[in-house]
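Here is the structure we will look at.
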Amino acid sequence: MLSTLRTPVTAATQPDMARYLNAIHAFENYALAPAWDTPWNGAGMVYKGSGGATASITDTGTLIQFSLQQGASSTTLYQRVHAINQIDSPSSVPNWPAFTGTMTMGLDPSVQYWLDSTPKNTSLPHVTDLPAGAKIGLGAGTLVTPQFSYFTIVPPSSAGFDFFANLWLANLGITYQGQDYPFGDGATAFGGMLTVGGVTRPAIAAFPPWMTKPGGDVFIEYTVPLPAGSSTLNFAAGMDDSDSGQHQGTMTFKVEVNGTVFWEQDLSPDAWQPASVDLSAWSGQTVKIRFVENPGPGGPYAAFGGWSTLQLSTASPSYFDPITISSTVATSNIIATGGVVGVKQRKRERLRSPFQRLCFAVREFVAATRRQNRRRLRGRAVCRCGCARAVPI
Amino acid sequence: MKWQRIPPFFAAWCLHAATLTVASSNLQVTFTNADVTGITNVLTGEQYLRSPSSNSQTDLVLLQSTGQQLAPAGPWTVNAAGTSASLTMADSGRAITIAVSIDAATQQVVVNLDGKASHGGVQFLEWGSTGFDMNIGRFILPGQGGVALTTASFSASSYNGFYGTYWEAPLSLFQTARGGVAFYSTDTNSLFKDILMSANTQQTANQQIQTEAVAPWAQATEAGPIEWRIAAYTGEWQNGARIYRDWHNAKFPPAPVTGARAWVNNIRTVVQASDNPYDNSTLDALANVLNPSQTLLYLVQWRSQRYDTDYPDYNWIPSAPNYIAHAHQLGFHVLLHANAMGVSSTNADYASVSQYQMRDPSTGQLVGWLWSDPPSTPNRFAGINPAASAYRQLLISRLTPAIQNLQADAIHLDAGACVNDANGLIQGMNCWQGLEQLQKDLLSAFPSLVIGGENTNDSIAPYQDLSQPLIWAANQSPDLTPPFRLAHTCSTITIDTHISARSTRIALDSSPRSHHTRARPCFRRSARP
C-alpha cells in the first residue's frame with residue numbers, strides 16, 4: 001500500500017503534513033513493504049524493511065499506533081485515539097480546546113483524532129474541566145481564536161435504542177410451561193410491515209410456536225443499555241389483521257424487564273394499542289427487555305402479532321456543571337448558557353460598568369441561545385452567569 | 001444413518017436423506033439439501049454454524065420465475081468409486097446439480113455446481129451457507145478494497161452485497177479467534193460472481209454466492225459449472241487468504257516485475273500532479289521532501305482534452321513533455337491516466353468500435369459513463385468491450401505516441417468496470433478476459449511499461465502492477481462506516497494490487513480512507529519462498 005499526495009505539497013512543517021511525511025520517510029528509508037508471510041499477532045498491518053526494520057499498526061481499541069522497530073528501539077510514527085471521550089496523556093490533540101497538562105477531554109468517541117507529541121497550546125482559552133461523556137462540539141460551533149472563543153458543549157449521547165437494527169442481536173426463543181427453549185417449533189420473528197386495524201406500520205412481528213408446543217410463548221429479548229436519567233419504553237402492540245380469521249378471540253402481549261412483567265394485555269386485531277413502560281428504575285444500567293406473545297384466550301393456535309413505534313425516550317440529567325474554562329478575562333465575563341460558553345475578551349474589556357457588562361451578558365445569552373436553536377442543539381440551559389469558573393493561566 | 005469411510009481413508013461420508021456430512025482430516029461439512037448448514041474446523045475444534053435458516057440458499061434464478069421451489073430429485077448418493085456424493089435439486093424447468101468430494105492433497109471439501117434450465121432466461125446460480133455464528137467470528141472479504149463484517153455490520157445493515165468489481169477475488173473468510181474457514185473458487189473462466197451476506201436470526205448470518213450466467217441472460221440456459229472449495233485453517237486470517245493466493249499464483253503467475261520494470265518495486269509514494277499547466281517548480285519542491293526514485297508521479301490531466309472527454313484522444317498538453325522530462329531528470333517515474341474502455345460517442349473512432357459497446361446482461365441496453373445523459377454531455381462515453389481485438393488495437397494505437405514521446409513509465413487504465421456483456425463472448429472472451437488480454441497486448445507492445453488499473457480482481461491482477469481499490473465507493477456510503485472496516489488488507493494479500501490517486505488524505509493503515517497500494521511485489525514475494 002502506497003501513501004498518496006497531491007501537488008502542490010503544502011508546507012512540510014504544517015503539522016498534518018509533517019506527520020504524514022514522517023511516516024512516508026520511514027517507508028522510504030527502510031523500504032517498508034507488507035509482511036504478508038509473517039505472523040501479525042493481531043496487528044492491523046505489519047511491514048518488513050531493510051536492515052531488519054519492521055513496522056506495525058496496532059489498535060488497542062482506543063489507541064491506533066504506527067510504530068517502527070529497529071533492533072531494540074521503537075519509534076512512534078503516528079498515533080490516533082478513537083472510541084474514547086477522555087485520554088490520559090501528555091500528548092496533544094492538535095487544536096483541541098479542552099485539556100489539562102495530562103488529560104485531553106470532550107472527545108467524540110465516534111471520531112478519530114491525531115495524538116501528537118507537540119506541546120498543548122495553553123495560550124488560548126480552553127476548557128479544563130468537563131464532565132465525563134460531555135463532548136466539545138468542534139464543527140458544531142466551537143471556535144477558539146485569540147480574539148474570540150466560542151464553545152459548544154454537547155451532552156452525552158442519549159441516542160435511543162434501535163429495536164429494528166438490533167433484532168438480529170436479540171435473543172429469540174420460545175417459552176413452554178415456564179421453561180425457555182431455543183427458537184423453533186414453528187415460531188417466527190422478523191422485522192417487516194404489519195397491518196393492525198387497517199393501519200400498516202413497520203413492526204417487529206412474531207408468531208408463537210404451533211407445531212409440538214402450541215400454547216407456548218414466543219419472545220424477543222433485547223439487551224438494552226439505559227442512559228443515566230429517566231427512560232421510558234414507548235410502543236404499540238397489535239394482532240395482524242390477516243390472521244383474524246384463523247385465530248379466535250384475543251392474543252396476549254407482554255413486556256418483561258429483567259424477568260418481571262411490567263405490561264400485559266389481551267389484544268384483538270382492532271387497532272394498535274399504544275403503551276409505555278417506565279424504565280427509570282434502571283437508570284444507567286443494562287436491562288433485558290423481553291417482548292412476549294402468547295396465543296392467549298383465543299389459543300392454543302396463534303396469529304401474527306407485532307410491536308411498532310418502538311422508542312426509548314430518555315430525559316438526561318444536567319451535565320454542564322461544572323465546566324471550567326481557562327481564560328485571562330474576569331470571571332464575571334464568562335457566560336455559560338447551557339452548553340454554550342461565549343468569551344469575547346477584547347470587546348468585554350471595553351465594558352466598564354457592571355450594568356454594561358450585565359446588558360452585554362444578556363445580549364450574548366440571547367444570541368447564543370438563538371445560535372444554539374438554529375443548530376438544533378439539545379443542550380439545556382443549566383447555568384446562569386458566573387457559574388463557570390475562570391482559571392487564570 | 002451410518003458413516004462410510006472411503007479408501008484411502010481421507011474422507012468419510014454420512015448420508016441421511018437430504019442431509020450429507022462429509023469429513024476430511026481438516027474439516028467436517030454438513031449439507032442440508034445443497035445448502036451448507038454445518039462446518040466444524042477439525043484443526044481448531046470449532047463449529048462455525050448454528051441456527052441455520054430454513055430458507056434455501058440454493059437457487060437458479062431466472063428472468064421470469066417458474067413459480068416453483070427447487071426440491072431434491074432424490075437423496076444424496078455416493079458414486080460407485082466412493083469418491084463423490086451428489087444431489088440434484090429440480091423443478092419442472094430447472095435443475096441444479098451439486099457434487100461434493102474431498103481433495104486428498106489439501107483435505108479441502110470440493111463443491112462442483114451447475115445450474116441448467118429447459119429454456120433461456122437464466123440469470124445466476126445461487127449457493128450458500130447459513131447460520132454463521134457472529135458471536136464467535138467475523139467475515140473478512142476481499143471486497144471494496146477489503147472489508148470485515150462484524151456483528152456491528154449486520155446491526156447497521158441486515159444485508160451486505162458485493163457484486164462484480166466490488167468482490168475482488170472469489171474468496172470469503174470466516175475468522176474466529178483460533179482459525180477460520182475459507183470459501184474460494186477455482187474458476188478459470190472469469191465468470192461474473194457476486195457474494196451476498198445477510199443477517200439471520202439468533203445473531204447468525206448467511207452467505208450466498210452467485211455465479212452469473214454468460215449474458216445475454218434471455219438466451220442463457222446454464223449458470224456454471226463452477227467449482228468452490230471449503231478449506232479450514234488455524235491462526236490469523238492471513239493463513240486463510242494464503243490458501244487462495246497460493247492457488248491463484250500457481251494458476252495465474254503474475255507478470256515478472258524485473259528488468260526495466262523493476263523500478264516499481266522501489267515505489268513507496270504516489271503523488272498526483274494536480275498543477276495545471278504543469279509547473280516544473282512543483283517538482284523541484286517535491287524532490288525536497290520526497291525521494292524521487294521512490295515516488296511515482298500520477299498525471300491525470302495530461303491530455304489536451306479535458307478529463308474524461310473525447311476518448312480515445314490521447315494527445316497531450318504543451319506543458320506535459322517538459323514536465324515529464326524534468327521529472328525523469330529528478331528521478332521520478334511517471335504514470336499516465338488513460339481509460340480502459342472509454343470511447344466518446346462524439347469521437348471519430350466511435351463508429352469503428354460501436355458494435356462492441358457493452359450491453360446490460362438483462363435488458364440489452366447500451367452501457368457507458370453517463371450514457372443516459374444527452375449525447376452532447378462532454379464526459380459521456382461508451383464502454384467498449386476490450387474482448388474485441390479491434391478495440392484493443394485502436395486503444396494501443398492511440399496510446400502509442402504518448403507512451404513513446406512522453407516516455408511514460410506506466411499507464412493507468414481507468415474505468416475497468418466490466419459488464420456481463422449481453423453481446424455475449426467476443427472472440428471467445430468476456431470483458432474481464434478481454435481486459436486481461438489488453439494488458440498482455442500493452443506489455444507485448446511496450447515490455448518496459450508498468451500497468452495500473454482503477455480496480456482489480458482475480459482475472460486482471462496477474463498483469464497489473466498497480467491498482468486503485470474501490471474504497472471510494474464505500475466512502476460514498478457513510479452508513480457503511482463504521483460497520484465496514486474499509487481497506488482491509490485482505491484484498492491486497494489475495495489479489496495483490498491497488499493504487500488509488502483520488503485522495504490526498506493520509507491513509508497508511510486500515511482506517512476508512514482511500515490509499516494507494518502496490519501489492520504485486522508482495523504477491524510475488526510470497527509466491528517465491
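Naming: A, B, ... by sequence-line order, numbering from 1 per chain.
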Worksheet item: Mind checking whether Trp40(A) and Trp36(A) have parallel, tilted or perpendicular rings, split at 30° and 60°?
Response: parallel
Worksheet item: How would you list, by chain and number, every residue that makes a ring pair (Phe, Tyr, Trp, His ring centres under 6.0 Å) with Phe164(A), sequence neighbours excluded?
Response: none
Worksheet entry | Residue pairs passing the side chain to side chain donor-acceptor pair (under 3.5 Å) test where at least one lies in residues 49-58 of chain A, sequence neighbours excluded | Thr54(A)-Gln69(A)
Discussion item. Are Tyr298(B) and His412(B), when compared by the centres of their aromatic rings, separated by less than 6.0 Å?
Written reply: yes
Worksheet item: What part of Ala285(B) is in contact with chain A, defined as an atom under 4.5 angstrom from a non-hydrogen atom: side chain, backbone, both or neither?
Response: neither
Worksheet item: Hey, are Arg245(B) and Asp37(A) close enough for a salt bridge, meaning a charged N less than 4.0 Å from a carboxylate O?
Response: yes
Practice prompt. Answer yes if the ring centres of Phe190(A) and Phe304(A) are under 6.0 angstrom apart, and no otherwise.
Written response: yes
Fill in: Portion of Asn200(B) that has a non-hydrogen atom of chain A nearer than 4.5 angstrom
backbone
Item to complete: Indicate the atoms forming the closest heavy-atom contact of Ala53(A) with Tyr30(A), along with that distance.
Response: CB-CD2, 3.7 Å
Worksheet item: Given that the side chain runs from C-beta out, which part of Leu290(B) has a heavy atom under 4.5 Å from chain A: side chain, backbone, both or neither?
Response: both
Item to complete: Could you tell me which portion of Ala35(A) (side chain, backbone, both or neither) has an atom closer than 4.5 angstrom to a non-hydrogen atom of chain B?
Response: neither
Discussion item. Please identify, among Leu297(B), Leu286(B), Val289(B), Asp279(B), the residue contributing the most non-hydrogen atom pairs under 4.5 Å to chain A.
Written reply: Val289(B)
Worksheet item: Using non-hydrogen atoms only, which part of Thr295(B) is less than 4.5 Å away from chain A: side chain, backbone, both, or neither?
Response: side chain
Practice prompt. Go through the atoms of Ala31(A) and report whether side chain, backbone, both or neither lie under 4.5 Å from a heavy atom of chain B.
Written response: both
Worksheet item: Picking from Asn291(B), Thr282(B), Asp275(B), which has the most non-hydrogen pairs under 4.5 angstrom with chain A?
Response: Asn291(B)
Worksheet, complete the sentence: When the 4.5 angstrom heavy-atom criterion is applied to His25(A) and chain B, the contacting part is side chain
